[in-house]
Amino acid sequence: MTVHCLPPRPGTGRIAVVLGTRPELVKLAPLIHELGPATRLVHTGQHWDEAMSGRFLRELGLPEPELLTGVGGRPRAGQIAASLEQLDAAFTAERPGAVVVQGDTNATLAGALAANAHGIPLVHVEAGLRSHDRAMPEEHNRVMVDHIADLLCAATEENVANLRAESLYEPSIELTGNTVVEVVRRQLPDAASRAVLLARYGLRPDGYVLATVHRPENTDTAEALGAVLTELGRIAADTPVLFPMHPRTRAAVERHGLEPLLARLTVTGPVGYGEFLGLARHAALLVSDSGGVQEECTVLGRPLLVVRRSTERPEAMDAGFATLVDPGPELGALAAEWLADAPERLARLAATPSPYGDGLASVRIARLTLALTEPALSAA
Ligand code: UDP
């Protein structure tokens, strides 16, 4: 017999939205806008610099966050411990009505543990993703957070099924859609600005590849990163490859002495969100190991080769937008194949709806979150 206890005691304070990385800023932005003045934004500082955070806060129109200190740059346990200790103090000083976390980062887990320690209702946005790859810390983070959350906002039917398969409490599970749909629609620059952007890089619509890699499986060893960069270089012999480099990847290139493999690529630092979307919108092909890009490609109607051994986002694959690919010669071979039939592929994907929802996820999540807090706050 399953026994479910009473949910945690709601507080009267504002809703603490705890985040720490670029993808959390992106995907929580629409929800923060919906919650408006009820939001208390807390940034753990996991990614805290102008390129990965500062300009995203401004571009996405987010409020100035409470910033934790001494978190970024530490190993995983240290990040979680340092964030948790400071969140504990912050929630003691002012008890939030609810805590919202998103995804699977160390900030997500720290925010969830702090809410749990205080008995504050916990909302998990993007609940139910599963790669079943236990070598990925993100898989552990998302499983742990789902198991202590009071409201599980699942983006897709697959995500709902994953939560049910783990016997999570049925009334806590809500199918909301993914906020990525609305954030892409809002932040994609208009056609004229995109034309200026492409001209700046000397690119022609449907005539280039946009690539990003940053995950440990592709950057930790010289062999793995060397294999990806070799294949990108091979693609660039025929088609321009734009490569906005994540700080972790830049450090790995330097550490492994792989600079010569960048020679054929157009390398930049990480670009702002609108710029990234504008470039992705007209790419003949995307190559990435990012989680967010696997969703964004479905809203932008662009094909994606996912340089990973597993994914927690099978929807983009099932809908025909993406496929997993090995970082070695398979990457170059499949890229050549997909670039060769780009016109038909792009036409087909332009007519394929995104599996991530209708663009109203943030409205649903805000309503459900406010309902978890005291009536006074819901009516505000
Ligand atoms: N992104 C960006 N600029 C870049 C590269 C990526 O704005 O130069 C965005 C991308 O559109 C996506 C997010 O950053 O929304 C992905 O972040 P990341 O790959 O760091 O994390 P993941 O999605 O893998 O968790």
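Each ligand, and each atom within it, is numbered from 1 in the order the structure gives. If you're wondering where the values come from, they're calculated on a predicted model, not measured in any experiment.
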(request) Nearest 0.5 Å please: distance from the CZ atom of Arg313 over to the OG atom of Ser290. (result) 7.5 Å

(message) Check the orientation of Phe56 and Tyr273. Use parallel for under 30°, tilted for 30 to 60°, and perpendicular for over 60°.
(response) tilted

(request) Looking only at distances, please establish whether an N/O atom of ligand 1 is found under 3.5 Å from an N/O atom of Met52. (result) no

(request) Number the atoms of ligand 1 from 1 as they appear, then name those within less than 4.0 Å of a heavy atom of Tyr273, with their elements. (result) 7 (O), 11 (O), 15 (O)

(request) Please indicate whether Arg348 has more than 12 foreign heavy atoms, meaning atoms of other residues, nucleotides or ligands, lying under 6.0 Å from its CZ. (result) yes

(request) May I ask you to check if ligand 1 and Gly292 share an N or O to N or O distance below 3.5 Å? (result) yes

(request) State the atoms of ligand 1, each with its element, that fall below the 4.0 Å cut-off from a heavy-atom position in Glu296. (result) 10 (C), 11 (O), 12 (C), 15 (O)

(message) Below 3.5 Å, N or O to N or O, backbone or side chain included: is there any such pair between His47 and ligand 1?
(response) no

(request) Using distance alone, decide if ligand 1 has a nitrogen or oxygen within less than 3.5 Å of any nitrogen or oxygen in Gly269. (result) no

(request) Number the atoms of ligand 1 from 1 as they appear, then name those within less than 4.0 Å of a heavy atom of Gly291, with their elements. (result) 22 (P), 23 (O), 24 (O)

(message) Checking Trp338 now: which residues fulfil ring pair (Phe, Tyr, Trp, His ring centres under 6.0 Å) with it, not counting sequence neighbours?
(response) none

(request) Tell me, with the steps shown, if His118 and Thr92 meet side-chain contact (heavy atoms from CB on, under 4.5 Å). (result) CA-CA 8 Å; His118 283 258; Thr92 302; 3.2 Å; yes

(message) Would you say CD of Glu259 has more than 12 non-hydrogen atoms from neighbouring residues, nucleotides or ligands within 6.0 angstrom?
(response) yes

(message) At less than 4.0 angstrom from any non-hydrogen atom of Pro244, what atoms of ligand 1 do you find?
(response) 8 (O)

(message) If I take atom CD1 from residue Ile365 and atom CG from residue Asn178, how far apart are they, to the nearest 0.5 angstrom?
(response) 7.5 Å

(message) Considering non-hydrogen atoms of the protein only, which is the closest contact for atom 24 (O) of ligand 1, and what is the distance?
(response) Arg215 NH2, 2.5 Å

(request) Taking atom CZ of Arg134 as the centre, report whether more than 12 heavy atoms of other residues, nucleotides or ligands fall under 6.0 Å from it. (result) no

(request) For Pro270, take its heavy atoms, then give the atoms of ligand 1 lying under 4.0 Å from any of them. (result) 8 (O)

(request) Give a yes or no answer on whether the side chain of Glu231 reaches the backbone of Gly332 with a donor-acceptor pair at less than 3.5 Å. (result) yes

(message) What protein heavy atom lies closest to atom 21 (O) of ligand 1? Include the residue and the distance to one decimal.
(response) Pro23 CG, 3.3 Å

(request) Considering heavy atoms of the protein only, find what lies nearest to atom 7 (O) of ligand 1 and give residue, atom and distance to 0.1 Å. (result) Phe56 CZ, 3.2 Å

(request) If you have a sec, work out which protein heavy atom is nearest atom 3 (N) of ligand 1 and how many Å separate them, to one decimal? (result) Val271 O, 2.8 Å

(message) Considering non-hydrogen atoms of the protein only, which is the closest contact for atom 16 (C) of ligand 1, and what is the distance?
(response) Ser290 OG, 3.5 Å

(message) According to salt bridge (charged side-chain N to carboxylate O under 4.0 Å, His left out), who are the partners of Asp358, at least two apart in sequence or on a separate chain?
(response) Arg364

(message) So for ligand 1, is Arg22 a polar contact partner (N or O within less than 3.5 Å, distance only)?
(response) yes

